[in-house]
Enquirer: 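Attaching a single structure in structure tokens format; questions to follow.
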Number of protein chains: 2
Amino acid sequence: MSPCQTFIETLRSRGFRITPQREMIIEAIAHQGNHVNADELFALIQERTHAVNIATVYRTLELLVEQGLASRIDLGEGRVIYATYQHGSHIHLVCRQCGQVLDADQEMLSAFNQQLQSNYQFAADLQHISVLGLCLDCQTK
Amino acid sequence: MSPCQTFIETLRSRGFRITPQREMIIEAIAHQGNHVNADELFALIQERTHAVNIATVYRTLELLVEQGLASRIDLGEGRVIYATYQHGSHIHLVCRQCGQVLDADQEMLSAFNQQLQSNYQFAADLQHISVLGLCLDCQTK
DNA sequence: TTTACTGCAAATAATTTGCAAAACT
DNA sequence: AGTTTTGCAAATTATTTGCAGTAAA
């Protein structure tokens with residue numbers, strides 16, 4: 001079953017209605033695979049049909065996050081992206097200069113996570129953390 | 001020399017004009033010592049005088065950041081705080097539930113920082129990073 | 001049939017900006 | 001005097017919301 005079908009079935013089984021709009025949105029985000037922001041997703045859908053409103057895109061993304069099927073990642077400076085959970089956990093390395101987003105191995109933070117727990121009793125949510133900095137290209141410029 | 005005086009002298013030496021508004025704003029943020037957001041800072045100043053406009057607060061904070069005297073920290077979900085550099089480097093632990101911000105020792109990330117550099121050639125800006133999660137109180141609720 | 005979902009347009013909220021007046025240096 | 005800086009109000013931008021109509025189940 002494609003990830004897209006899985007999402008739809010999950011929502012249906014939880015009593016949500018599957019509208020053509022939701023199908024389009026889920027298909028777009030799942031098929032795209034990578035992180036997207038609401039505008040990009042909306043633009044992607046507009047290429048095929050104008051029958052989906054931007055408000056519906058926001059509402060559907062919110063639903064996916066609430067239902068644990070996607071995560072909302074706040075990159076700072078007002079930039080917010082969404083990623084479905086087919087796309088595993090990782091760290092987002094966001095270039096302050098060019099805006100590029102690199103993915104890094106989540107494992108690098110496991111020691112840190114344990115220290116936060118033992119030293120500060122803080123349960124960090126590191127599933128999709130983001131770190132600002134400079135990518136290689138922008139360091140040399 | 002108080003940190004507040006230092007900031008003022010630094011700005012003056014770089015050719016910026018010291019207006020009563022800037023003095024008030026700098027005094028408020030430096031005296032407060034901790035992180036503040038623009039609204040809180042504005043409210044703090046309003047307690048003493050109404051002669052400072054919110055736009056000026058934003059412009060002055062921007063100036064302090066540009067001039068390397070303060071940092072702007074994006075906590076996600078639209079929350080932005082500012083801290084002057086008298087307030088050393090540290091990690092911000094932001095509780096997703098109650099919004100409380102705890103400070104943690106910056107040192108915990110040094111190994112991670114090196115790995116980012118060697119494995120991804122990414123120069124992370126970890127001066128004032130923020131991590132979302134749940135604080136002890138909210139974990140037990 | 002029932003009531004969840006959608007589109008639309010207006011509301012938010014936090015920040016930014018244009019411009020003429022005020023005020024540092 | 002000559003610019004910088006300020007206040008004010010309007011613009012921005014991304015997102016949210018109210019509400020009446022539409023359509024899944």
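Sequence lines set the chain letters: A, B, ... in the order given, protein chains first and strands last, and positions in each chain run from 1. Treat the numbers as computed from the prediction; the structure is a model and nothing was measured.
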Enquirer: Would you mind classifying the nucleic acid contact of B/Arg59 as base, sugar-phosphate or nothing, using non-hydrogen atoms under 4.0 angstrom?
Expert: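 It contacts base atoms.
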
Enquirer: Measure CD1/A/Ile45 against P/C/dT6 and give the value in whole Å, please.
Expert: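 One finds 12 Å between P of C/dT6 and CD1 of A/Ile45, rounded.
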
Enquirer: In whole Å, I'd like the distance from the CG atom of A/Asn53 to the C1' atom of C/dA10.
Expert: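 Going from A/Asn53 (CG) to C/dA10 (C1'), I get 13 Å.
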
Enquirer: Assign each of B/Ile18 and B/Arg72 to its nearest nucleotide of DNA chain C by heavy atoms, then name whichever residue's nucleotide is nearer the 5' end.
Expert: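 Closest to the 5' end, via its nearest nucleotide, is B/Arg72.
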
Enquirer: List the steps and the verdict of salt bridge (Lys or Arg N to Asp or Glu O under 4.0 Å) for A/Arg12 and A/Glu9.
Expert: CA-CA 5 Å; A/Arg12 199 194 306 275; A/Glu9 285 317 310; 3.7 Å; yes

Enquirer: What contact category does B/Arg12 fall into here, base, sugar-phosphate, or nothing, at under 4.0 angstrom with non-hydrogen atoms?
Expert: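 Sugar-phosphate contact only.
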
Enquirer: Look at the side chain of B/Arg17 and the base of D/dT3, then say whether one donor and one acceptor between them are separated by less than 3.5 Å.
Expert: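 By the distance-only test, yes, there is a pair.
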
Enquirer: Go nucleotide by nucleotide along DNA chain C from the 5' end; which of A/Ala55 and B/Gly78 gets its closest nucleotide reached first?
Expert: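 That would be A/Ala55.
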
Enquirer: Could you tell me how far apart A/Tyr58 (OH) and C/dA10 (P) are, to the nearest whole angstrom?
Expert: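 Atom-to-atom, A/Tyr58 to C/dA10, this comes out as 18 Å.
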
Enquirer: Does C/dG7 have OP1 or OP2 under 4.0 Å away from a side-chain N or O of A/Thr56?
Expert: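 True: A/Thr56 side-chain N/O within range (under 4.0 Å) of C/dG7 OP1/OP2.
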
Enquirer: So which heavy atom on B/Ile29 is nearest to which on B/Leu41, and how close?
Expert: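 Heavy-atom minimum between the residues: N-CD1, 3.8 Å.
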
Enquirer: At less than 4.0 Å, is any side-chain N or O atom of B/Thr19 found next to OP1 or OP2 of D/dT6? Yes or no.
Expert: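 Yes, B/Thr19 has a side-chain N/O under 4.0 Å of OP1/OP2 on D/dT6.
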
Enquirer: Just how far, in rounded Å, is P of D/dT13 from CD of A/Glu77?
Expert: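 To the nearest whole Å, that distance equals 16 Å.
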
Enquirer: Can you tell me the distance, in whole Å, between the CG atom of A/Leu61 and the P atom of D/dT15?
Expert: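 Going from CG in A/Leu61 over to P in D/dT15 covers 9 Å.
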
Enquirer: Rounded to the Å, how far apart are A/Glu23 CD and D/dA24 P?
Expert: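 After rounding, the gap between these two atoms is 10 Å.
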
Enquirer: Is B/Gln21 close enough to C/dC24 that one of its side-chain N or O atoms is under 4.0 Å from OP1 or OP2 there?
Expert: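 For B/Gln21, the contact criterion (side-chain N or O under 4.0 Å from OP1 or OP2 of C/dC24) is not met.
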
Enquirer: Using a heavy-atom cut-off of under 4.0 Å over every strand shown, decide if B/Ile54 touches base, sugar-phosphate, or nothing.
Expert: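 No contact.
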
Enquirer: Within a reach of under 6.0 Å around CZ of A/Arg79, are more than 12 heavy atoms found that belong to other residues, nucleotides or ligands?
Expert: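 More than 12 within 6.0 Å, yes.
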
Enquirer: Write down the atom of B/Ile129, the atom of B/Leu126, and the distance for their closest heavy-atom approach.
Expert: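 Between these two residues, the closest heavy atoms are CD1-CD2, 3.4 Å.
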
Enquirer: Nearest whole angstrom, please: distance from the C1' of D/dT6 to the CE of B/Met24.
Expert: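 Taking atom C1' of D/dT6 as the reference, CE of B/Met24 is at 15 Å.
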
Enquirer: What closest approach, in Å, do A/Leu109 and B/Leu109 show between heavy atoms, and which atom pair accounts for it?
Expert: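 In this case the closest contact between A/Leu109 and B/Leu109 is CD2-CD2, 4.2 Å.
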
Enquirer: For A/Phe16 and C/dT6, what is the distance between atoms CZ and P respectively, to the nearest whole Å?
Expert: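 In whole Å, C/dT6 P and A/Phe16 CZ are 12 Å from each other.
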
